[in-house]
Structures are given as structure tokens and as C-alpha cells.
Amino acid sequence: MLKLPYSFYQNSNVNELAVQLLGKQLFTFIDGQLTGGTIVETEAYKGVEDKASHAYGGRFTPRTQTMYQSGGVSYVYLCYGIHHLFNVVTAPQGTPHAVLIRGLEPLEGLSIMLERRNMSMLKPNLTAGPGALAKALGIDRTLNAKDLLGDEIWIAENGIYYTEDQLVASPRVGVNYAGDHALLPWRYYVKGNKYVSRPNS
DNA sequence: CTTACGATTGTCT
DNA sequence: GACAATCGTAAGC
């Protein structure tokens with residue numbers, strides 16, 4: 001297992017990087033428990049020029065300052081007062097680009113993840129959706145701004161590469177407030193994978 | 001200090 | 001398909 005190097009995260013083309021993260025493996029080691037899986041769904045958030053980004057227009061606050069760090073750290077925040085969402089900070093320091101991880105195919109620590117989600121048997125919604133996968137991996141705000149080459153949370157390469165015809169680009173989810181930017185096809189996922197989140201239906 | 005709201009999910013009908 | 005849960009964050013006074 002090989003952790004992705006810092007150079008991987010320095011790419012300032014956040015859309016390209018969101019695609020490259022598909023097929024990589026995200027792991028956490030929390031409370032002595034190893035859990036993780038393969039990333040199958042991402043969304044790109046393009047810093048100051050993206051109306052859907054927390055850093056739109058250069059907004060710099062105690063929360064968003066993490067996004068301005070040099071690529072290769074985590075950005076975790078609370079949504080709706082309930083759900084923790086996990087992002088990968090990318091691009092060189094000062095450029096607040098980030099990639100939201102929205103779907104994960106479980107690999108390690110299945111029983112731990114089931115327990116954290118209060119589920120008794122494996123169903124796709126164990127880790128389909130950003131809030132769901134964060135809970136399954138035990139991610140909360142104490143993991144904000146962590147080094148992604150550390151020993152609490154990291155992303156590894158495992159030789160999985162998807163070809164373009166296996167991938168789909170579509171509009172992002174839950175960002176209607178972003179006006180015209182809500183239509184940008186910056187959500188990427190693996191075609192046909194069961195662990196890609198479905199719009200509420 | 002006060003207030004409005006969200007990069008969502010689970011439960012109920 | 002509809003809606004409640006629930007609180008940190010950011011902006012306004």
C-alpha cells in the first residue's frame with residue numbers, strides 16, 4: 001500500500017484531480033480501528049471562482065482557512081448540524097480548491113463500519129453519500145486539517161485506474177443555491193457502481 | 001449577542 | 001414523495 005505523495009495534491013486543476021481520486025483508497029485509523037475503501041464518487045470545488053465553494057470570492061474564516069493550506073490535508077466540516085463531510089484540500093498553498101468525497105466502496109473494517117452506522121447487514125447506503133461514509137469511517141471535525149500522509153487518515157494508490165468510458169460527469173448535488181454554477185458537471189463517479197450516492201428519491 | 005441556514009440523511013406516509 | 005432533525009458558522013446589529 002502506497003500513500004499518495006504531496007506532489008499529487010499540488011495539481012491546481014481541481015477537476016482533473018477529482019477524476020484521478022476515483023479508484024484511490026481512503027483509510028482511517030481511529031480508536032484502534034482500521035476502516036477504509038475505494039473512492040467511487042467525488043465533486044470538485046474550485047476555490048474563489050466557484051459559487052458553491054465555501055471559499056467563493058476569497059472568503060477567509062476560521063472554518064475555511066483549512067482550504068487555503070497546501071494540498072494534501074483534510075477539510076472536514078459539519079453540515080445541517082448532524083453530518084460530517086470529508087474533503088481533500090488540493091493545489092498549492094493560498095489556492096482554496098477542494099474535492100468532496102461522496103461515495104466509497106467498503107474494503108477494510110466492514111464490521112466496524114456497520115456498527116458505526118447502526119446497521120446489521122451490508123447495504124450500499126453504508127458508504128454511499130458524503131455524510132454516510134464519514135460516519136462509517138469515524139470521521140468528525142477533530143480530523144479537520146489532518147495530513148493525508150499521516151497515520152490517522154490517508155489516501156493510498158492500489159493500481160486501480162478507470163478509463164474514460166467507465167466514468168460519468170454530472171451536475172453537483174445539493175448546491176442549487178449556487179445559481180448558474182449549480183449546473184457545472186463537476187461531480188464525477190464510476191458508472192454502475194453500487195456505492196455511488198443516489199439523489200433522494 | 002442574535003439570527004438564518006446549510007456541499008444531508010433517515011423516517012414516516 | 002415529504003419533512004424533521006440539529007448546531008456550527010458567518011453575517012448582521
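So that the names make sense, note that chain A is the first sequence line, chain B the second, and so on, each numbered from 1. Just so you know, these numbers come straight off a predicted model, no measurement behind them. Computed from heavy atoms alone, side chains included, the values below leave out hydrogens, waters and symmetry copies.
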For the atom pair [atom1] ([X]) and [atom2] ([Y]), what is the distance rounded to the nearest 0.5 Å?
X      : Y     : atom1 : atom2 : answer
A:F60  : A:M67 : CZ    : CE    : 11.5 Å
A:N87  : A:T42 : CG    : OG1   : 11.0 Å
A:R141 : A:L78 : CZ    : CG    : 6.5 Å
A:D147 : A:K3  : CG    : NZ    : 8.5 Å
A:L114 : A:T35 : CG    : OG1   : 11.5 Å

Write down the distance between [atom1] ([X]) and [atom2] ([N]), rounded to a whole number of angstrom.
X      : N      : atom1 : atom2 : result
A:R63  : C:dG8  : CZ    : C1'   : 8 Å
A:Y80  : C:dA10 : OH    : P     : 16 Å
A:L126 : B:dT9  : CG    : P     : 12 Å
A:M67  : C:dT9  : CE    : C1'   : 14 Å
A:L78  : C:dT6  : CG    : C1'   : 9 Å
A:Y56  : C:dT9  : OH    : C1'   : 19 Å
A:R116 : B:dG10 : CZ    : P     : 16 Å

Give a yes/no on whether any side-chain N or O of [X] is located under 4.0 angstrom from OP1 or OP2 of [N].
X      : N      : value
A:H54  : C:dT9  : no
A:R141 : C:dC7  : no
A:T61  : C:dT9  : no
A:R117 : B:dG10 : yes

Candidate nucleotides [options], ranked by approach to the side chain of [X] - the nearest:
X      : options              : answer
A:Y77  : B:dG10, B:dA7, B:dT8 : B:dA7
A:C79  : C:dG8, B:dG6, C:dA10 : B:dG6
A:P130 : B:dA7, C:dT9, B:dT9  : B:dT9

Residues in side-chain hydrogen bond (donor to acceptor under 3.5 Å, both in side chains) contact with A:D180, at least two apart in sequence or another chain: A:K51
Quick one: label A:T64 by what it contacts on the DNA or RNA (base, sugar-phosphate, nothing), any heavy atom closer than 4.0 Å. sugar-phosphate
By the 4.0 Å heavy-atom rule, please label A:R187 as base, sugar-phosphate, or nothing. nothing
Kindly write out the residues that satisfy ring pair (Phe, Tyr, Trp, His ring centres under 6.0 Å) with A:Y161, not counting sequence neighbours, or none if the list is empty. none
Checking A:Y77 now: which residues fulfil ring pair (Phe, Tyr, Trp, His ring centres under 6.0 Å) with it, not counting sequence neighbours? A:H54, A:Y75
Could you name each residue pair satisfying salt bridge (charged side-chain N to carboxylate O under 4.0 Å, His left out) that touches residues 12-41 of chain A, not counting sequence neighbours? A:K24-A:E157, A:E41-A:R102, A:E41-A:R187
Which is more 5' along DNA chain B, the nucleotide nearest A:N125 or the one nearest A:Y75? Just name the residue. A:Y75
What parts of residues 81-102 of chain A reach DNA chain C, counting only heavy atoms under 4.0 Å away? A:G81, A:I82
Could you give me the stems involving DNA chain C, meaning stretches of three or more consecutive Watson-Crick or G-U wobble pairs whose two defining distances are both below 3.5 Å? B:1-6 with C:7-12, B:8-12 with C:1-5
CD/A:E115: more than 12 non-hydrogen atoms of other groups inside 6.0 Å: no
